[in-house]
Each structure stands twice: as structure tokens, then as C-alpha cells.
Amino acid sequence: MATPLSDTPLSPLRTIAVVGLGTMGTGIAEVLARAGRDVVGIDISEAQAATAVTALETSTARAVERGRLTARERADVLARLRTSTDLRTAADADLVIEVAPESYEVKQQIFRELDGIVRPGTILATGTNALSVTRLAADSLRPERVLGLHFFNPAPAMKLVEVVSSVLTAPAAVTAVTDLALALGKEPVAVGDRPGFVADGLLFGYLNQAAAMYEAKYASREDIDAAMRLGCGLPMGPLALLDLIGVDTARTVLEAMYAASHDRLHAPAPVLGQLSEAGLTGRKAGRGFYTYEAPGSATVVEDSLTPRADDVPVPGRPVRAVGVAGSGTMASGIAEVFAKAGYEVVLAARSAEKAETAKARVGRSLARGVDKGRLTAEAAARALERITPTGTYDDFAGVDLAVEAVAEDLEVKRQLFATLDKVCRPGAVLATTTSSLSVVACARATSRPQDVIGMHFFNPAPAMKLVEVVRTVLTADDVHATVREVCGKVRKHAVDCGDRAGFIVNALLFPYLNNAVKMVQEHYATLDDIDAAMKLGGGYPMGPFELLDVVGLDVSLAIEKVLHREFRDPGLAPAPLLEHLVAAGCLGRKTGRGFREHARR
């Protein structure tokens, strides 16, 4: 009788077979060879195996040119990789990593064949990001040695590796591959077996919602991608990322996630199926959501959907003076933006004292800009002089654009718009900075709803480049044109969207944050592992729990409630854990405790 793997101390994983030499398999083989492992690369295609060798030769030659490898080290790396089209060459491997296409039939066939080839103690790892590791393990003669080892693309650059255990996996196997990942310079995260695991489980729901948003013609592909890059600091927009991943691959992952969760947020958007069936699978096909210079190229070329720079239907209204209503961080930040761009600014608050305090905040911000060399002392002084603080909205009588940045409360905003309607001159544009409330509800508080529009700045306004321009069904064309022109003059990137909860950024961001909370609530993964997974595997500047604590759990809960109320989707219901923390007064950094403990400011 064979000794159970769980009782067997594993020898170091020196010889590793990689089955499947596509982009991911080739990248994993390179990582292993450069880390001193002997690698057997196996693919049914001789051409693909040769391509993998060429790719390694090219990347290591580049490393020598850049001084990262010596010629001798390069020769050693190349000598460590041998390729084959015969699975039997994996016989002496300590670990086999399967990176074949995302198909149970294909992967199960590979595992069945490996059962008759490898030693009893050899660990079998699947690189799947969508299929059940447990189901693959159950078909093996030794399910205790089967686990998931999910690298991220490109494998040489991406630090994250998800180590996926099934209920059958032996702890010794997990320890061995975790130690290997650390030796490779990667950061392993231990997760359980469910479709998408941590990083893709959160990422693909977000990508799916972005595809559905585009399909509904709520916003253009360019505006959706720009909004998430500039509003969230992501390295790529969701639709460009879908093209990179492969539209067909994304559809497969989502199908697996939906089969497990039955969450409508995971049901693949129909456009993903339509593009896949048409062969428009993204960069690899030369066309997906965007059109590319050639199959495999990263260069986007113009097509029939590309917006034209000269496509301006009507001219905007002239804007010389701007009124900013509010005294908080957002109001002072917006006042600074307009003042630096040369506009005369009236900064109005509920009292003259609050307005002076807001102007003083602008002064401190400008001084920091001078200290950092972003503007001269003279330019800062001129900008500050352009701001006139006041304790009465009557002083908005001469402004051409009034921007409110008061509390995120619909009744408060409606009362303010009723006041602006009385004091602002005819033809003045009235804008709300709301991030989640109905713009048309604010407009209906006035006698001129055609002059009202959403102008959602992001915090901190002087630094963040994005402005969501929100048209209602009543907004006049020239009002929309005015705000677009103004955004250009204050050096912000404007994206267009309609008047619905969350607009672009919050409608895509907060369901992702909510799903992260659900993962912790269900004890699937820890806060630290989820944050690490999204930063290292998804390129996010902050993990979801870091971001929730910065935004404020109460603010996040309020936005999630608005989204749930508007879209009526059960998957958007706020996670009970978030509600419990808010009820307990744990609101994030501002209270010293949220998902984590923070030093009091």
C-alpha cells in the first residue's frame, strides 16, 4: 500500500514539468528556469514548443542587454529548459503544472494520463482560474496530491500566486508549492476551491458589469475605460482588459462562476457571447471591444466606434465666473481647480466664517504645490486672489456656472438648487457634484431643469483628472457642451454618462468592494490575502479593504444601498458585515477603526 502523501515529507521541487506552452505556460517555464529549476515543457504542438524556447531565448537576451543576467547565467537558464510533445517526459518530475485550455475534458484527460506516468509522490497542479480543483482532483488516482497553482499573466512580472486547496489536498503538498512560490520570488496566497478564487473572483464580476454597461449603451467604451483608469488608478480599463484576457476566456470564467454562485452579477453579459461566437475575442483576434493593428497587437486603431475630436454638435455657453457652494474638502478642491485655471471664483458657505476656512484650506493646498514645485509662488498667490469667500448665495448673481458640493443628501441639495434658481442669472449653468443621487431630482427643484447637469469631481479634486459629466433627460445640448468645454479648460478628462445611480465609477467599483466584504464574511479569505491578491494580481493601487477604510464604511454603505435600491439586483444587497461595522461606529480611518485598526488623527 502506498504511503499517504500527507505523511510523506516532500523533497524539494527541483524538476518541474509544465504542460501547455501557451503564453501562460511559457511564462511559468521561464520563471522556473530562471530560478534554477530543471523544466520540462510539454505541448502537443511541436511549433508551440519551439515558440516557447524562442520566447525564452528572446527574453533572456533582453535581460543580458539590460544587465540583469550575464551571458553565462543566460546559457544556464536556457540549458534548464527542454521541451517535448510526449507527456511521458514528465515521469521524473517532482511537480507537474498543467496550463492547458480551460476545459474539464482536456484537463481530466491530462490528469488521467499523468496518473500512469509520474511517481506516487509527484504533486499535480492545475493552473485553472475557472474550473473546480476538487472536480479535477476527484478523477485522479491520488486526489491528495492535486491542487491549484494559479499564476497571473505575464507570469515573469506578476508577483501573485494563488495556492488552491480542495477538501482532498494534503497539507504537505500545499506546503511544498507554497515554499516553491516563495523561492520563485512570488507572493503566495492560500485560498479555497471556488471559481475565480480571490483575484479573478472579484475581477471578473467587475469586468462583466462593465461589459453590460457598454452593451446597454450607457457610456462609450472609451469613457468606461478612462473612468476606471482615472477614477480608480487602475492600469487598464475593464473593456481593454477583457480584450487582453480574451473575451472567450472571460465568458468561460463567468460561466463557471455563475454555475457555482447563481448570482446574476456573474451571468455573462450577452455581448461577451456575441463577440466570442463572432470570433472577436480581443487582441489575439485583432478585434474585440476595440480594433487592433493586427492579431496579437496591443496597438488600438480607429474604427467606426472611435469618437471624432471634431464631433461637437453645438457650442457651449461662455463661462468667466464660477460659483462653488460648500465648505468641505470637495468644495475647496473644486474652487482651487477653477482658480488655478484662471476663473474668478465665488466660494459660498452657510457662514462667512466657514467660507474663509474653506479658502484658507485652498491656500494651504496651493502652498504645498509650491513646495513640491508644481506651481510658482506667484501663480499660487494669483489663484488665491481669484477666490472670493462669502456667507451668502446671493453673491452667485453674476456667475456663469454654479457648482454645488454640499452634503450628499437629496433634500439638502434640492433646497440649494431652489435657492440657486432664484439668485443665478438666466442662462447660468447649475451643476451638482453628487456621486450617487438623482441629478434630475435636483433639476426639478428649479424652474429651469434644462440648465442643470451633473459634474462629478473626484477627491482630491486638484489631483484627480476625472470628471463624470451626467446628462439628464432634460439637460440642454449647449449646457452639456459648456461643461465639456470647461472640463477641458481646467485640464480634466470628462466622460459622459446618463443619470442613474453610481454613474460609471461607483456603479462598477462598489459592487466589487461589496463582494470582497462577502468573501471575508464567508471566511473564504482574510483581509490581508484579499488586499494582496488585488494589488499583486489585479494591479489595483489599493486593496478593497484599504480603500473601504479610506472612503469610509458609512459612505460605502450609503452608495451600496442606493445601487441596490435602483437596480433591484439581489447581488447588490450590502453585505451584512459592512452594515454591522457601520452600526458599531467602525467607519474606517476617520474613527480609528474600520476593517482594520488605525491611529487616531
Problem set entry | Under 3.5 Å: donor-acceptor pair, side chain of E404, backbone of K413 | no

What pairs of donor and acceptor atoms, side-chain ones from residues 250-260 against any protein atom, are under 3.5 angstrom apart with sequence neighbours left out?
unit_1 : atom_1 : unit_2 : atom_2 : d
R251   : NH2    : E277   : OE2    : 3.3
T252   : OG1    : D248   : O      : 3.1

Side chains of residues 562-569: which donor-acceptor pairs under 3.5 Å do they make with residues two or more places apart or in other chains?
unit_1 : atom_1 : unit_2 : atom_2 : d
E566   : OE2    : A501   : N      : 3.1
R568   : NE     : R565   : O      : 2.9
D569   : OD1    : G571   : N      : 2.9

Problem set entry | Side-chain donor-acceptor contact under 3.5 Å, D421 with S447 | yes

For this session: Evaluate side-chain hydrogen bond (donor to acceptor under 3.5 Å, both in side chains) for S220 paired with D496, printing each intermediate quantity in order.
Result: CA-CA 8 Å; S220 71; D496 286 324; over 6 Å; no

Problem set entry | Shortest non-hydrogen separation from M464 to G231 and the atoms involved | CE-O, 3.5 Å

Exercise. With sequence neighbours left out, what residues match R471 under salt bridge (Lys or Arg N to Asp or Glu O under 4.0 Å)?
Worked result: D477

For this session: Give a yes or no answer on whether the side chain of S276 reaches the backbone of L272 with a donor-acceptor pair at less than 3.5 Å.
Result: yes

Exercise. Got a second to check how far L430's CG is from M455's CE, nearest 0.5 Å?
Worked result: 12.5 Å

Seminar exercise, completed: Interatomic distance, NE2@H456 vs OG@S435, rounded to 0.5 Å, equals 4.5 Å

Exercise. What pairs with E102 under salt bridge (Lys or Arg N to Asp or Glu O under 4.0 Å), at least two apart in sequence or on another chain?
Worked result: K107

Exercise. Between Y393 (side chain) and L420 (backbone), is there a donor-acceptor pair under 3.5 Å?
Worked result: no

Exercise. Atom CE of M519 and atom CG of L577: how far apart are they, to the nearest 0.5 Å?
Worked result: 14.0 Å

Exercise. How many angstroms lie between atom CG of L230 and atom NZ of K492, to the nearest 0.5 angstrom?
Worked result: 10.0 Å

Problem set entry | CG on D531 to CZ on F545, rounded to 0.5 Å | 6.5 Å

For this session: Determine, step by step, whether V486 and F338 satisfy the side chain to side chain contact (heavy atoms under 4.5 Å, CB included) criterion, reporting the C-alpha distance in whole Å, the side-chain angles of both residues, the deciding distance to 0.1 Å, and the verdict.
Result: CA-CA 9 Å; V486 166; F338 281 109; 3.4 Å; yes

Exercise. With sequence neighbours excluded, what pairs up with E336 under the salt bridge (Lys or Arg N to Asp or Glu O under 4.0 Å) test?
Worked result: K340

Problem set entry | Option passing side-chain contact (heavy atoms from CB on, under 4.5 Å) with V429 (candidates D451, V483, V403, D478) | V483

Exercise. Do side-chain atoms of T419 reach the backbone of Q415 as a donor and acceptor pair under 3.5 angstrom?
Worked result: yes

Problem set entry | Pairwise distance CD1(I453) to OG1(T432) - rounded to 0.5 angstrom | 11.0 Å

Problem set entry | With R221 via salt bridge (Lys or Arg N to Asp or Glu O under 4.0 Å) - residues at least two apart | D303

Give every donor-acceptor pair under 3.5 Å between a side-chain atom in residues 198-209 and any protein atom, sequence neighbours left out.
unit_1 : atom_1 : unit_2 : atom_2 : d
D200   : OD2    : N129   : ND2    : 2.8
N208   : OD1    : A269   : N      : 2.8
N208   : ND2    : L265   : O      : 2.8
N208   : ND2    : A267   : O      : 2.9

Exercise. Under the side chain to side chain donor-acceptor pair (under 3.5 Å) rule, what pairs show up with a residue in residues 502-523, not counting sequence neighbours?
Worked result: R194-E522

In a table with atom names and distances, give each donor-acceptor pair under 3.5 Å that connects a side chain of residues 232-246 to protein atoms at least two apart or in another chain.
unit_1 : atom_1 : unit_2 : atom_2 : d
D243   : OD1    : F289   : N      : 2.9
D243   : OD2    : F289   : N      : 3.2
D243   : OD2    : Y290   : N      : 3.0
D243   : OD2    : Y292   : OH     : 2.7

Problem set entry | Any side-chain heavy-atom pair of V517 and L548 under 4.5 Å | yes

For this session: Mind listing the closest non-hydrogen atom pair of A226 and L466 along with its distance?
Result: O-CD1, 4.5 Å

Problem set entry | F151: ring-ring contact (aromatic ring centres under 6.0 Å, His included) partners, not counting sequence neighbours | none

Problem set entry | Exam field: side chain E293 to backbone T299, donor-acceptor pair closer than 3.5 Å | no

For this session: Using atom types as modelled and distance alone, determine if a side-chain donor or acceptor of E408 lies under 3.5 Å from a backbone N or O of S436.
Result: yes

For this session: Any ring-ring contact (aromatic ring centres under 6.0 Å, His included) involving residues 403-439? Give me the pairs, sequence neighbours left out, ordered by first then second residue.
Result: none

For this session: Without swapping roles, check the side chain of T475 against the backbone of Q450 for a donor-acceptor pair under 3.5 Å.
Result: no

Exercise. Which heavy-atom pair separates S261 from H266 by the least distance, and what is that distance?
Worked result: OG-ND1, 2.8 Å

Problem set entry | Verdict with reasoning, S438 to R444, per side chain to side chain contact (heavy atoms under 4.5 Å, CB included) | CA-CA 10 Å; S438 167; R444 290 300 303 275; over 6 Å; no

For this session: Measure across M228 and V505 and return the closest heavy-atom pair with its distance rounded to 0.1 Å.
Result: SD-CA, 3.8 Å

Exercise. Taking only residues at least two apart or on different chains, which pairs with a member in residues 548-558 satisfy side chain to side chain donor-acceptor pair (under 3.5 Å)?
Worked result: D549-H598, D554-K590

Problem set entry | For the student: nearest non-hydrogen atoms of L437 and L410, plus distance | CD1-N, 3.5 Å

Seminar exercise, completed: F396 and A402 have their tightest heavy-atom pair at CD2-CB, 4.2 Å

Problem set entry | Option among D400, V399, L401 that satisfies the side-chain contact (heavy atoms from CB on, under 4.5 Å) test with R320 | D400

